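These notes concern the structure reproduced below.
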Amino acid sequence: MNRAPVTLLSLAQRKQAGEPIVMVTAYDHPSAVIADEVGVDVVLVGDSAANVVLGYGSTVPVSVAEMLMLVGAVRRGLTSALLVADLPFGSYEVSDSQAVRTAQLLVKKGGADAVKIERGGTSVDRAAAIVAAGIPVMGHVGLTPQTAASLGGYRAQGRTADQAAALLRDALALQDAGCFAIVLEAVPAAVTELVVPLLDCVTIGIGAGPTTDGQVLVWHDLLGLSGPQLPRFVRAFADLRERTVAGLSAYADAVRSKEFPQAEHTYLIPDAELDALRQRLTPPPHHEGEDPSTSSGN
Ligand code: KIV
């Protein structure tokens, strides 16, 4: 089915109409094709790629070059979903011009429609600069994994009145900076319920309860491809890990028992060609007194 491209305007309209927005992360081309086919509204190439697909221990080490490769692969798989790319840690904090340059790379080389930036504080100015350069920006408050160490680890945020008020201040500042949407991560549902009505921009939740305008989950988490230790806010909607292990084990067994491949998995050659090949490969008869190493075979 050909869907109209998702735009900032159509997302705002969805918010107004109270129609939940579906957002998911993706890191490769086949996943992007499936997300688009299913009608997902927003696909995020999150810097969660660092731990989810690149094997790093946190989101911090992933580079712009690594993100660019993943964003490009996802871009080539999407026709209608809005593509958002994370600004990786260390690629935007130093100055507005650093932030704009990185955002431009993700849009120009990667094909992203928008970028996502973590935190309030200095990120508010960076977001404003990127928006001023013509690139849509999604904010991200609450648990911001790039700076998890300074938040006391991977834990829910906004659990005191002071913290929750600070979270709202950050969200409002990001909105004023021009962000079209804001992700709220790991925030008590009751706090989200108070904060969301105070924001005009689109809100997307992950572990923030049901009252945001949309939800986002990490691809591997929601499909049951991650390990058994999942954050509280994840529901696995499928068990692809179990099915992948079963499929891979069946393949290994079939190779080891020589049950695979069968005739239907191989290519044919015409009989005449095969005969000709056999003749060519048949060693010429060896004559008495002839040195086989110097024989031309003709
Ligand atoms: O990097 C990521 O996947 C994210 C989402 C969890 C919002 O930032």
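The structure displayed is predicted, hence computed values, not measured ones. Both ligands and their constituent atoms are indexed starting at 1 by order of listing.
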Any donor-acceptor pair under 3.5 Å linking the side chain of [X] with the backbone of [Y]?
X	Y	value
Gln146	Leu87	yes
Arg75	Gly111	yes
Arg126	Tyr92	yes
Gln98	Glu93	yes
Thr147	Ser150	no

What are the polar N/O contacts of ligand 1 with the protein below 3.5 Å, with distances?
unit_1: ligand 1; atom_1: 1 (O); unit_2: Asp47; atom_2: N; d: 3.3
unit_1: ligand 1; atom_1: 1 (O); unit_2: Asp47; atom_2: OD1; d: 3.0
unit_1: ligand 1; atom_1: 1 (O); unit_2: Ser48; atom_2: N; d: 3.1
unit_1: ligand 1; atom_1: 1 (O); unit_2: Ser48; atom_2: OG; d: 3.2
unit_1: ligand 1; atom_1: 1 (O); unit_2: Asp86; atom_2: OD2; d: 3.1
unit_1: ligand 1; atom_1: 3 (O); unit_2: Ser48; atom_2: OG; d: 2.5
unit_1: ligand 1; atom_1: 8 (O); unit_2: Lys116; atom_2: NZ; d: 2.9

Discussion item. Show the nearest heavy-atom pair for residues Leu70 and Tyr27, with the distance to one decimal.
Written reply: CD2-O, 3.5 Å
